[in-house]
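One-based numbering, in listed order, for ligands and for the atoms of each. All values reported here derive from a predicted model rather than from experimental measurement.
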Amino acid sequence: MASPLVVDHAARSEQGSEWWRSAVIYQIYPRSFSDSSGDGIGDLPGVTERLDDLRRLGVDAIWLSPFMRSPQKDAGYDVADYCDVDPLFGTLADFDDMLAAAHARGIRVIVDLVPNHSSDQHVWFQEALAAAPGSAERARYMFREGKGAHGELPPNNWESVFGGPAWTRVIEADGRPGQWYLHLFDSSQPDFDWSNPVVWEEFRRVLRFWLDRGVDGFRVDVAHGLMKEDGLPDYTPDPDAGSMGGDAASVPYWGQPEVHAVYRDWRKVLAEYDGDRALCAEAWLPTIEKTALWVRHDEMHQAFNFEYLETEWDAAKLRAVIQESLRAYSAVGAPSTWVLSNHDVVRHASRLALTAENPQGHGIGPHSPGQPIPEVGLRRARAATALMLALPGSAYLYQGEELGLPEAIDIPDEARQDPTWFRTDGERYGRDGCRVPLPWVADAPAFGFSPSGASWLPQPAEWASHARDVQEADDASTLRLYQHLLAVRAGERLGEESVALEWLDWGVDVVALRRGERLFVAANLGTEPFALPVEGSVRIVASSAPVDGVSVESDTTVWFVID
Ligand code: NOJ
């Protein structure tokens with residue numbers, strides 16, 4: 001095969017239908033990406049200004065975490081108006097400009113949709129508070145009478161994902177404590193009642209609003225949470241499980257079978273458009289087999305592969321999770337997705353070097369056990385990404401991982417903002433450490449994140465060495481590695497399932513495979529160097545750390561061909 005190992009980006013944007021099957025999708029967390037206004041919080045014009053950097057990186061699409069109107073109690077995942085831009089981030093016109101500029105560069109745009117709950121500032125919730133128990137206004141949320149002689153106890157024992165009870169009692173019009181409302185997350189995030197058709201109608205309207213503007217799809221927040229089991233039975237979660245899912249076979253608020261009807265409905269709404277818009281489920285479920293149910297042919301197009309993200313740095317476990325992902329998703333006709341970092345988990349450049357258990361959502365801070373060694377973490381992160389980007393399916397990248405950013409561990413207590421930190425009285429650090437604003441320019445205020453030097457979370461001083469301008473100029477940088485891997489991935493069409501994948505048995509500590517006729521991929525997760533068991537002259541195409549073409553050091557992934 002004599003095709004080039006890299007491809008022209010403009011040609012790639014012509015790929016045509018079902019782009020999401022193999023796309024590399026870059027997550028923008030708007031408040032931490034790039035601030036054009038100088039208020040210390042990133043914004044949409046900031047995104048527009050940086051699109052050429054993303055084009056140079058070589059991504060196919062961006063997904064933006066919420067930028068809709070919100071009091072920002074949960075960094076925008078508490079939406080007060082689903083069809084407007086929060087002034088913090090700009091205006092609808094700024095959104096349209098950003099969308100047009102992305103499309104002009106062949107980059108598709110996915111927006112976040114938060115259907116499980118709204119903000120308590122949403123007009124519906126304000127109307128519900130003003131209305132009486134039993135009213136149509138209350139029926140759009142989950143209001144219930146309390147238990148106990150005077151209704152003074154919550155309706156059941158459910159806990160909020162962020163810690164503390166999942167119920168809050170309201171004061172009724174007569175000034176007395178009255179009903180309780182359910183909030184699986186913060187008390188400022190009341191859950192909608194998805195057994196009410198009015199809620200369905202409203203979200204069809206929201207979908208069409210953004211589809212009409214031209215978005216390419218939606219990432220659906222807490223997609224496994226919308227339906228609750230009838231009767232709302234008590235449930236006590238496993239304390240060691242991650243907050244968003246849990247290992248229990250049946251949780252009365254996650255993964256209820258009725259939820260699939262919602263996504264079948266939405267798929268029909270998307271089909272009213274040009275047929276190439278996509279839905280991606282954020283569904284934390286106990287097995288890949290279960291997650292695959294979210295992407296049957298008439299439901300969502302993709303679901304995040306959190307099993308893969310949560311797999312430890314172990315060759316046998318990685319092989320198993322990749323094989324199971326490819327099997328389970330292809331059994332329902334969907335592509336697998338791959339993801340290593342996002343705004344809810346410890347960045348993989350730190351997570352892969354943790355030496356103590358760290359359940360998802362708990363975060364790490366200065367007093368956490370098992371602190372990561374930065375060099376080990378970065379080396380593993382580069383190797384993990386090089387393996388991930390060789391796999392068929394769609395890959396999600398989280399802003400800053402292309403700079404090899406570690407988790408920010410030493411955030412002062414008074415600067416922390418995640419509701420998890422407050423709701424657990426500081427027992428869990430939460431997710432601020434993966435949300436610190438990006439360093440763009442080493443020698444600039446706030447490392448180029450904001451013209452005023454403001455930054456809503458403090459940036460570690462050592463991030464100067466991670467700044468994008470420094471890395472653009474350094475052949476050995478993590479940024480240059482990502483750019484190169486993405487270019488080869490595109491040139492060799494590695495995201496496409498039609499390019500064969502053959503597993504190679506090169507030892508217990510090595511994840512080895514061949515893509516297509518000629519590209520070999522080997523990740524050495526062992527502690528000893530590993531000699532490449534091939535004949536002929538090896539030509540290294542990419543490697544996560546320096547290699548000599550004969551052996552591969554520990555925690556290194558290499559892509560090569562044999563000439
Ligand atoms: C999942 C989001 O990714 C997370 O950031 C948010 O706090 C919860 N859903 C609640 O919306």
Side-chain angles (χ1 to χ4, degrees), residues 25 27-33 63-80 82 86 110-122 125 141-142 158-164 166 182-192 194 203 206 218-226 242-246 251 253-255 259 279-285 291 294 302-306 309-310 337 339-347 359-363 396 398-399 407 416-424 428-436 456-457:
I25 303 176
Q27 180 188 356
I28 292 183
Y29 193 65
R31 53 170 41 237
S32 302
F33 185 69
W63 144 40
L64 289 106
S65 283
F67 49 81
M68 295 81 189
R69 268 191 192 269
S70 158
Q72 304 290 318
K73 291 277 173 52
D74 184 24
Y77 282 94
D78 49 321
V79 180
Y82 287 85
D86 194 282
I110 292 176
V111 296
D112 220 305
L113 186 70
V114 188
N116 180 67
H117 46 264
S118 71
S119 158
D120 60 0
Q121 299 306 306
H122 190 287
F125 194 71
Y141 292 93
M142 306 280 293
W158 293 0
E159 282 174 24
S160 149
V161 168
F162 295 155
L182 177 68
H183 50 87
L184 289 181
F185 295 87
D186 189 52
S187 55
S188 64
Q189 294 167 294
D191 281 45
F192 286 113
W194 274 91
F203 273 89
V206 173
F218 301 89
R219 173 267 190 193
V220 180
D221 190 63
V222 201
H224 57 318
L226 276 49
S243 353
M244 291 288 290
V251 184
Y253 41 85
W254 296 146
V259 79
L279 293 167
C280 177
E282 190 228 12
W284 295 80
L285 294 156
T291 313
W294 260 248
Q302 295 185 332
F304 287 122
N305 190 341
F306 292 127
L309 182 151
E310 292 186 320
T337 62
V339 59
L340 289 166
S341 280
N342 66 33
H343 66 293
D344 290 328
V345 301
V346 173
R347 282 185 176 277
Q360 184 273 323
H362 289 210
Y396 277 81
Y398 175 49
Q399 66 178 38
E407 188 82 353
R416 292 194 180 272
Q417 308 221 9
D418 186 348
T420 309
W421 167 256
F422 299 105
R423 291 185 63 89
T424 61
R428 298 184 204 161
Y429 287 104
R431 304 158 296 173
D432 290 321
C434 63
R435 298 176 172 182
V436 171
W456 71 279
L457 281 173

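Relative ring orientation between Phe185 and Trp254 is described as tilted, the plane-to-plane angle lying within the 30° to 60° band. Note: Trp63 and Phe304 have tilted aromatic rings, judged against thresholds of 30 and 60 degrees for the angle between ring planes.
In summary, the side chains of Asn116 and Asp221 do not present any donor paired with an acceptor at a separation below 3.5 Å, with no hydrogens or angles considered. Between the side chains of Tyr141 and Ser118, a donor-acceptor pair is found at a separation under 3.5 Å. Counted by atom type alone, Ser65 and Tyr77 present one or more donor-acceptor pairs between their side chains at under 3.5 Å.
Close approach of ligand 1 to His117 is summarised as follows: ligand atoms under 4.0 Å from at least one heavy atom of the residue are 10 (C), 11 (O). The Val222 neighbourhood of ligand 1 comprises atoms 9 (N), with distances under 4.0 Å to a heavy atom of that residue. Below 4.0 Å from some heavy atom of Phe162 lie the following atoms of ligand 1, by number and element: 7 (O). In the vicinity of Arg435, heavy-atom distances shorter than 4.0 Å reach the ligand 1 atoms 5 (O). The contact set between ligand 1 and His343, taken as ligand atoms under 4.0 Å from a residue heavy atom, comprises 2 (C), 3 (O), 4 (C), 5 (O). Listed by number with element, the atoms of ligand 1 under 4.0 Å from a non-hydrogen atom of Arg431 are 4 (C), 5 (O), 6 (C), 7 (O). The Glu282 neighbourhood of ligand 1 comprises atoms 1 (C), 3 (O), with distances under 4.0 Å to a heavy atom of that residue.
Judged by the 6.0 Å distance and 45° axis criteria, Arg31 is positioned over the aromatic ring of Trp456.
For the ligand labelled ligand 1, residue Arg219 lies inside the 4.0 Å heavy-atom shell.
The nearest non-hydrogen atom to atom 1 (C) of ligand 1, considering only Asp221, Asp186, Val114, comes from Asp221.
Salt-bridge annotation for Arg219 and Asp112: present, with a side-chain N of the basic residue lying under 4.0 Å from a carboxylate O of the acidic one.
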